[in-house]
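Quick note: residue numbers are just sequence positions, from 1. Not measured: the values here are computed from a predicted model.
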Amino acid sequence: MLINFTLSNFRSYKDEATLTFVSNSKIRKLKTHEIKVNKLSVLKNCALYGPNAAGKSNMINALSFAKGIVLYANITSDFSFKGLENEPSTFSFVISNKNNCIYEYSFSIRKQRNLFHGYEVLYEYLGIINEKSERIFEYKDESFKLCEKLKKSNSFNTYIDGYKNISNQLFLSFLSMDDKIIDEEIKNHILNVFNFFKNDLIIISNEKNFNMINTNNIGMISSFLKKYDTGIDRLEFVPCLQEEVGKFAPFELINSYIIEAQRHNMKRFSLFNNKELFQFELQKDKIDIKKMISKHNNIEKSFNFEDESEGTKRMMFLISVLFANESDEKVYVIDEIERSMHPLLCTKLIDEFQRINSELRNQLLFTTHYVGLMDDCLRRDELYFCEKDNEGTSKLISLQEYKSRTDTIISKKYLEGRFGGVPNLKVENKWFH
């Protein structure tokens, strides 16, 4: 679970900005939105509001960027605030795992101006925050401070020497590799944090990816689409000819996907564009190819993927990701959650997420312009506002920083500009002829 996230010197964020999921004990509304992690009460949701270009998406981009760095991404573009390219960009996380072990993990990097090394690591820290806090490792000024177990390991000094020859990889990522033989307890801590970025921090791109839709969950997705009044009675996968897929993509490309899927022991994968959605089921002696169609209420004719509206496609996509399994400890991050959807559907989607996860520890972090979520769907401590000052610096402000009555209609006050995070509209008074 994500408890805190802090960044500085990333894109439009010049100064330090912190997003916290720690709840306010004074708020009694929607107590089901809280999860106990040791002595902390951690929220299940966080919503970012603000005008266009205020920094909402950059907060999402920062999480995606940090995940990429941990997972060995090659950085080629600039990521620091303009004018601070020579200063460190810092990312700090407080997270927990299923065993309620709380970790602090931070790193600072700086862009390098050459083709071979995208960035250099200036600082990195991994520690445990429980009743007794413990540092596992700290890297600063090209030297290490280690916990006692690592200090006593002769092989670990060899790993440090090897790491010093690497300039653009985090030590956490380096240690998470299978060939590193480390004390089992320490190795588990390292993998817990690494796997948070690899498996649990899920950045849902606006470039819709329908790989999660398959024969196992298509019935569940159909039931939600029917309940949400999309006009769809059910979705189906029906057999199709290989020639039909050939119109979608060259056979050489399709074969490369098949080989890659087999290499990863995948049983199925999907290919899609704006017109069709195909599923490939990999069996021992053959490959079954099917395409998705939809059946609408009281209409005999089947509809193809391209016939559905953008809003319906968006619903399919989000349902397949958010509701398709009973995974736990996931942090789903979505930019503009209401995109292409009716406001009432957006509210229903978030309510459904809360219902399905009432006994689970999944979280939802999203940006939105839809103020209808503010008053009844979310708690006050789940609301943040992004705004940009005259120098182009983004600020992140929690609603809790403003004093307001508990019976205040938050959406009304927000639109009046009481909490910031609204566009400053300059209208010139002119006569038009």
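Around NZ of K227, the count of heavy atoms belonging to other residues, nucleotides or ligands within 6.0 Å exceeds 12. Atom NZ of K180 sits in a crowded spot, with more than 12 heavy atoms from other residues, nucleotides or ligands closer than 6.0 Å. Within 6.0 Å of CG on N86 lie no more than 12 heavy atoms contributed by other residues, nucleotides or ligands. Open room surrounds CD1 on I409; 12 or fewer heavy atoms of other groups in view lie less than 6.0 Å from it. By the 6.0 Å contact criterion, CG on N195 is enclosed, its count of non-hydrogen atoms from other residues, nucleotides or ligands being greater than 12. For D179, the CG atom counts as densely surrounded, since its 6.0 Å shell holds more than 12 non-hydrogen atoms of other residues, nucleotides or ligands. A 6.0 Å sphere centred on CD of E401 holds more than 12 heavy atoms belonging to other residues, nucleotides or ligands.
When all heavy atoms of V37 and R361 are compared, the pair lying nearest together is CG2-NH2, 4.1 Å. When every heavy atom of Y105 is checked against every heavy atom of E124, the shortest pair comes out as OH-OE2, 2.7 Å. Closest of all the heavy-atom pairs between K82 and E85 is CA-OE2, 3.7 Å. In plain terms, the two heavy atoms of Y228 and L349 that are nearest each other are OH-CA, 4.4 Å. Across all non-hydrogen atoms, the minimal contact from Y159 to I181 is OH-N, 2.8 Å. Smallest separation of non-hydrogen atoms from N211 and F272: N-CE2, 4.2 Å.
Under the side-chain contact (heavy atoms from CB on, under 4.5 Å) test applied with V331, the options I202, L201, L364, N362 reduce to a single match, L201. Applying ring pair (Phe, Tyr, Trp, His ring centres under 6.0 Å) to F91 and the options F107, F79, Y13 leaves one that passes, F107. Of the residues listed (I232, I221, D233), the one engaging K226 in a side-chain contact (heavy atoms from CB on, under 4.5 Å) is D233, and it is the only one. Each of R379, R28, K29 was scored for a salt bridge (Lys or Arg N to Asp or Glu O under 4.0 Å) with E34, with one residue passing: R379.
A 4.5 Å side-chain heavy-atom check between L122 and I109 finds every atom pair outside the cut-off.
A donor atom on one side chain and an acceptor atom on the other are not found under 3.5 Å apart for S92 and T6. A donor and an acceptor atom, one from each side chain of E308 and S294, are located under 3.5 Å apart. Donor-acceptor pairing under 3.5 Å is lacking for the side chains of Q169 and Y163. Using modelled atom types and a 3.5 Å distance limit, the side chains of S309 and T312 yield a donor-acceptor pair. Looking at S404 and R380, their side chains do bring a donor and an acceptor atom within 3.5 Å of each other.
Judged by distance alone, with hydrogens and angles left aside, the side-chain atoms of T368 form no donor-acceptor pair with the main-chain N or O of I337 at under 3.5 Å. Between the side chain of D389 and the backbone N or O of E391 there is at least one donor-acceptor pair closer than 3.5 Å. Judged by distance alone, the side chain of S23 and the main-chain N or O of V42 form no donor-acceptor pair under 3.5 Å. Checked by atom type and distance alone, the side chain of S89 pairs as donor or acceptor with a backbone atom of N9 at under 3.5 Å. Not a single donor-acceptor pair under 3.5 Å links the side chain of N58 to the backbone N or O of N61. Judged purely by atom type and a 3.5 angstrom limit, S12 has no side-chain atom pairing as donor or acceptor with the backbone of T393. With hydrogens and angles disregarded, no donor-acceptor distance shorter than 3.5 Å links the side chain of S153 to the backbone of K149.
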Query raised in the report: Taking it one step at a time, do Q354 and N45 satisfy side-chain contact (heavy atoms from CB on, under 4.5 Å)?
Result: CA-CA 9 Å; Q354 301 306 320; N45 308 289; 2.5 Å; yes
Report task. Please test N304 against D307 for side-chain hydrogen bond (donor to acceptor under 3.5 Å, both in side chains), starting from the C-alpha separation and ending with a verdict. Result -> CA-CA 5 Å; N304 289 325; D307 299 320; 4.6 Å; no
Requested in this report: Go through the steps to decide whether I254 and F280 satisfy the test side-chain contact (heavy atoms from CB on, under 4.5 Å), and finish with yes or no.
Outcome: CA-CA 10 Å; I254 294 171; F280 294 73; 3.8 Å; yes
Query - side-chain hydrogen bond (donor to acceptor under 3.5 Å, both in side chains) between N4 and E104, intermediate numbers included - result: CA-CA 9 Å; N4 279 336; E104 179 185 352; over 6 Å; no
Requested in this report: Starting from the C-alpha separation in whole Å, work towards a yes-or-no answer on side-chain contact (heavy atoms from CB on, under 4.5 Å) for I3 and V22.
Outcome: CA-CA 6 Å; I3 299 173; V22 178; 3.6 Å; yes
Query - Candidate pair N24 and Q400, rule side-chain hydrogen bond (donor to acceptor under 3.5 Å, both in side chains), full reasoning - result: CA-CA 9 Å; N24 184 337; Q400 297 182 89; 2.7 Å; yes
Query - Stepwise side-chain hydrogen bond (donor to acceptor under 3.5 Å, both in side chains) check, Q279 with E281 - result: CA-CA 6 Å; Q279 180 176 273; E281 293 188 356; 3.0 Å; yes
Report task. Decide side-chain contact (heavy atoms from CB on, under 4.5 Å) for Y103 and N97; before the verdict, give the C-alpha distance in whole Å, the side-chain angles of both, and the deciding distance to 0.1 Å. Result -> CA-CA 9 Å; Y103 300 97; N97 68 350; 4.1 Å; yes
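For K111 and E120, the salt-bridge test fails: no basic side-chain N is under 4.0 Å from an acidic carboxylate O. Looking at E416 and K412, a side-chain N of the basic residue comes within less than 4.0 Å of a carboxylate O on the acidic one, giving a salt bridge. K56 has no carboxylate O lying under 4.0 Å from a charged side-chain N of D335, or vice versa, which leaves the two without a salt bridge. Under 4.0 Å is where a charged nitrogen must lie from a carboxylate oxygen, and between K395 and E387 no such pair does. A salt bridge links D200 to K330: one of the charged nitrogens lies within less than 4.0 Å of a carboxylate oxygen. Taking 4.0 Å as the cut-off between side-chain N and carboxylate O, K187 and E185 do not count as a salt-bridged pair.
Ring-plane geometry between F385 and Y402 is classed as perpendicular, the angle between the planes exceeding 60 degrees on a 0 to 90 degree scale with a lower cut at 30.
Each ring-ring contact (aromatic ring centres under 6.0 Å, His included) pair with one or both residues in residues 18-64, not counting sequence neighbours, appears once here: Y49-Y414.
Applying the ring pair (Phe, Tyr, Trp, His ring centres under 6.0 Å) rule to F144 yields the partners Y139, F171; only residues at least two apart in sequence or on another chain are considered.
Taken from CG in N38 to CD1 in I102, the straight-line distance is 4.5 Å, to the nearest 0.5 Å. Atom-to-atom distance recorded for C377:SG and D351:CG is 4.0 Å, nearest 0.5 angstrom. Between atom CG of residue L318 and atom CZ of residue F323 there is a gap of 8.5 Å, rounded to the nearest 0.5 Å. One finds the CG atom of N357 at 11.0 Å from the OG1 atom of T32 (value rounded to the nearest 0.5 Å). Atom CD1 in I334 sits 11.0 Å away from atom OG in S205 (nearest 0.5 Å). Rounding to the nearest 0.5 Å places CD1 of I182 at 7.5 Å from OG of S155.
Ring pair F305/F210: centre-to-centre distance below 6.0 Å.
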